[in-house]
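To keep things clear, I will list the structure first and then write my remarks on it.
If you read the sequence from its start, that first residue is 1, and numbering goes on from there. Remember, it's 1-based here, ligands and their atoms both numbered in the order they're listed.
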Amino acid sequence: MVRPPDALTELVTGLARRFTSPLRTPKLTAHLGLWLAAAFAVCFATGLLSHAIQHPPGWFRWPSRPVQLYRVTQGLHVATGLACFPLLTAKVWSVFPKLFTWPPARSVPHALERAAVALLSGAALFELVTGLLNIAYWYSLMPFGFVGAHYWTAWLLAGAVLLHVAAKLPVIRSALSTGSTTNGSTDRSRRGVLALVGTAAGVLTVATVGQTVRPLRHLSLLAPRLPDVGPQGVPVNKTAAAAGVTGVDAGYRLTVTGPGGRHALSLTDLRALPQVTVSLPIACVEGWSAGATWTGVRVVDLLRLVGAADLDLAVTVESLQPAGAYRTSTLDPGPARDPLTLLALQLGGEPLHPDHGYPCRLIAPNRPGVLQTKWVGALTVMSA
Ligand SMILES: Nc1nc2c(c(=O)[nH]1)N[C@H]1C(S)=C(S)[C@@H](COP(=O)(O)O)O[C@H]1N2
Ligand SMILES: [Mo]
């Protein structure tokens, strides 16, 4: 075996000694690890769910009830993801001197184990940073597709976490099974560190959850969008100008196409159909959400015009927006016929603001904001 030069060994072990603190115990690391694993598991599961709703595999059906479910799962995704930040920092701190162990790898399994830790830390940091950049709309800092990168790195991270836990299982077990030490002050200080980290995670959550929970909006220092700031008291992600939707005039027609034929409806025609008022949230993938009152025509009533009200067929919703990832969305057969699924003409009792989708927009229960298509120009019943 090649021995590292003595001077280097001394430098590294000297560095490690500098960072020793009696607060660093295997038990503290194990507790932080448990919290981190819980937060990560919730974040990963809710993330996979959100991805499946937006890019559904053939077998996947997302129901339209409970109405608020996506709002909750996506709120949890963003909140647990942010909570991982202080937890991860504290966990790295708790094992910091080990980063300087020398030689860096004692054996092949040890080298693999350390590689998994490096992968894990890198992937976790990548997820945090890209998540935050997405919330802040700094796409220019992400020269790659956010969705694919964030999604696939999450799988990589999950794999590295599993490897890491498997490798550390004996250490975790023994750290957690040691009862209170004879030295009560170690227990007290461990609880102190955990309380500090818990507080940091709590503060982060409170500083962002106001983007969803209106009573906490004034504490929402870190959230770029507030639930009641925007035209008609509702935030906007993409304005009509940014989407290139301009010049909607009296010539506007909504095209509804189905097995029973094609209808072209003017705004006057739409207003003459039965109007329904519902209370439904916009719940954006970025974690903000806002409840609002919408009035318009039930999609199922429009499907009836083309003989598709009782058919088990999905519906494509197409925007007047000329291009862009969110110009169309698909309504599954069930949700398309939900009595709460509307083509809304009004928000809060007034005609839709152009930025909210004038002349009409989709609003459906338990649906991610990205799929609440604005400036709708056509509904097309898909063939079986
Ligand atoms: N045509 C179209 N509809 C769209 C979008 C879009 O970019 N184009 N953005 C979506 C996103 S990401 C969200 S969160 C909601 C926001 O609706 P709001 O701007 O009325 O609050 O609209 C959705 N509808
Ligand atoms: Mo969104």
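- Residues near Met382 contribute nothing to a hydrophobic cluster around it, because no ILVMFWY side-chain heavy atom sits closer than 4.5 Å to its side chain.
- Side-chain contact between Leu132 and Leu82 is present, with heavy atoms from C-beta onward closer than 4.5 Å.
- Near ligand 1, residues Val234, Pro235, Val236, Asn237, Lys238, Ile282, Cys284, Trp288, Ser319, Gln321, Tyr326, Asp355, His356, Arg361, Gly369, Val370, Gln372, Thr373, Lys374, Trp375 each place a heavy atom inside the 4.0 Å sphere around the ligand atoms.
- Across all non-hydrogen atoms, the minimal contact from Asn366 to Tyr70 is OD1-N, 2.7 Å.
- Clustering of Ile, Leu, Val, Met, Phe, Trp and Tyr by side-chain heavy atoms under 4.5 Å joins Leu156 with Leu119.
- Under the salt bridge (Lys or Arg N to Asp or Glu O under 4.0 Å) criterion, Asp355 pairs with no residue, sequence neighbours left out.
- Counting non-hydrogen atoms of neighbouring residues, nucleotides and ligands closer than 6.0 angstrom, the CZ atom of Arg65 exceeds 12 such neighbours.
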